[in-house]
Amino acid sequence: MGIKKLQSIRGIHDGLPGDVAKWQKVEAAAKTVFSRYAFSEVRLPLLEPTELFVRSIGEETDIVSKEMYRFEDQGGDDLCLRPEGTAGAVRAYLQAGLTRAGAQRWYYTGPMFRRERPQKGRLRQFQQIGVEMFGVAGPIEDAELLAMARDFLLELGLDQVRMEINSLGCPTCRPAYRDRLVSYLKERANKLCETCNERMEKNPMRVLDCKVASCQSELTDAPEMIAHLCADCDVHFTGLKAGLEALSVDYQINPRIVRGLDYYNRTAFEIITDQLGAQGTVIAGGRYDALVEALGGPATPAIGFAMGLERLAMLLPEVNVSGPDMAIVALGDAVEGHALMLASQLRSKGLSIVHCGGGSAKRQFKMADREGVRFVLVVGEDEMNAGLVTLKNMQTGEQQQLAPDVIVAAVL
RNA sequence: GUGGUCGUAGUUCAAUGGUAGAGCCCCGGCUUGUGAUGCCGGUUGUUGGGGGUUCGAAUCCCCUCGACCACCCCA
């Protein structure tokens, strides 16, 4: 056969039953915890107009400038596979006319697409669970949102993580801080690495979280945003910290948390694990008060976060995919219809049943064994004529004959 | 996008220029109404793909695809 090997495209992986079992566990925890905070699920498009991401994420960002799957469709429309969820959520919020409908609390789950070089925990198609809250401005809500993220991780049993928070300021205080930082950096430009020199032009705050040790030692007394917040931002940050303390949420202040996406302001946070190498950020988010307006709506405060489903799943122990409750072994052509009917009846009573398909007893028992069932229902001509079935316990090897209507009771 | 490690049977791995192998899995038999355990027998590969060097390549070289690692960036 000259068939060329077909495989999924780079960085786009299959979710097989073992993976999906974990994903469902994560999604169930999200639903449980987010519902307690009165968040509702929304389902948003995977495909959006390119314009949406250019205007929200920012044309200069890596995501927009080189990582989007972008194409023109047959009608000539410029479209993108969404690289993240917030922009689409804001678009939906505006499109539905909800700006006067009070606070909106949404969550969603689904694939995002970024054409990056893949690694473990970093895929070209990956899943995020995202949370967005529109129409609330205060630090109280920020603290509650962070507590919700914490509660979610605890629901999953993940406590080997740390939460780091920062404030990114706002259009009032950030420009002045930015200038101060840039002049600080320029004085030391020749001692900073090449990428930091590029970052100085493009996104100076990025220099602060450079991984190069020599840069970090050069930056020990670099000005920090939280020391230069305007009065309103300072009150907000103080309120956030007080709220987290009231809710017993463990956190560390990390003045070097930065955001690549243009729309963030004030509260920024990350939840990080040390167990996933360089891809340790498992949840990240923050406030984006300017985005709704930037996309054409009325000024509307908003905050949200996103988590990487695959990354979370990697932190979870293997989930064993549950096998069927029972297998049916039908012996002889004469019992074919009778065995099918029994299988159907047992399914309608809530048992999960596999039918071993007839043929030799050996083949069918082998199949039943492989399915990992605890019980096999043997249906032969003898049993059928007597109005009974044989139930075999696959662990003990014991068999007993009984009436069909007591099977369910016998296996529980 | 840059740099690096790796890729051999379904799977886990051997074979360092000289006939591609083992364990597990799988299939058949011992047992045509009984699996898992035991015994006997059997199949399994364009060595990721393509090209080159060589009498001869899994092994050396080049290209390419993929996984992984670091950077960039980010969930």
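Each chain gets a letter, A, B and so on, in the order its sequence line appears, and its residues count up from 1. Hydrogens, waters and symmetry mates play no part in the numbers below; they use all other heavy atoms, side chains included.
Heavy-atom distances to RNA chain B give each of K120(A) and T195(A) a nearest nucleotide, and the one nearer the 5′ end belongs to K120(A). The 5' end of RNA chain B is approached more closely, in terms of each residue's nearest nucleotide, by G11(A) than by the other of G11(A) and K66(A).
Neither side chain, T390(A) nor Q399(A), offers a donor N or O lying under 3.5 Å from an acceptor on the other. For the residue pair H13(A) and D19(A), no side-chain donor N or O sits within less than 3.5 Å of a side-chain acceptor on the partner. Neither side chain, Q128(A) nor Y108(A), offers a donor N or O lying under 3.5 Å from an acceptor on the other.
Regarding contacts with the backbone of A67(B), a side-chain N or O of R10(A) is found under 4.0 angstrom from either OP1 or OP2. Within the structure, every side-chain polar atom (N or O) of R117(A) is placed at least 4.0 Å from both OP1 and OP2 of C69(B). Using a 4.0 Å cut-off, no side-chain N or O of R370(A) falls inside it from OP1 or OP2 of C25(B). OP1 or OP2 of C71(B) lies within a sub-4.0 Å distance of a side-chain N or O belonging to K211(A). Between Q279(A) and A75(B), a side-chain N or O to OP1/OP2 separation shorter than 4.0 Å is absent. Side-chain nitrogen and oxygen atoms of H13(A) include at least one within less than 4.0 Å of the OP1 or OP2 phosphate oxygen of A67(B).
Backbone-only contact: T281(A) has heavy atoms under 4.0 Å from sugar-phosphate atoms and none from a base.
What separates CZ of R122(A) from P of U2(B) is a distance of 15 Å, to the nearest Å. Rounded to an integer number of Å, the gap from CG of L16(A) to C1' of G10(B) is 14 Å. When the P atom of G66(B) is taken as reference, atom CG of L6(A) falls 13 Å away, rounded to whole Å. For the pair R124(A) CZ and A67(B) P, the computed distance is 8 Å after rounding to whole Å. In this structure, CD of E116(A) is placed 12 Å from P of G1(B), rounded to the nearest angstrom.
G3(B) sits 42 Å from U44(B) when the P atoms are compared, rounded to a whole Å. Rounded to whole Å, the separation between the C1' atoms of U34(B) and G49(B) comes to 47 Å. Annotation: C13(B) and G7(B) have their P atoms spaced 11 Å apart (nearest Å). Separation of the C1' atoms belonging to G17(B) and U53(B) is 12 Å when rounded to the nearest angstrom. Nucleotides U46(B) and G42(B) place their C1' atoms 23 Å apart, quoted to the nearest Å. Here, U31(B) and G38(B) have their C1' atoms 13 Å apart, quoted to the whole Å.
Checking A36(B), C71(B), A75(B) against every side-chain atom of R114(A), the shortest atom distance belongs to A75(B). Closest contact between the side chain of F365(A) and the listed nucleotides G1(B), G66(B), U34(B) involves U34(B).
Not less than 6.0 angstrom separates the ring centroid of F39(A) from the ring centroid of Y107(A).
Under the 4.5 Å side-chain criterion, counting only non-hydrogen atoms from C-beta, L156(A) is in contact with V26(A).
A donor-acceptor contact under 3.5 Å is formed by the side chain of Q399(A) with the base of U34(B).
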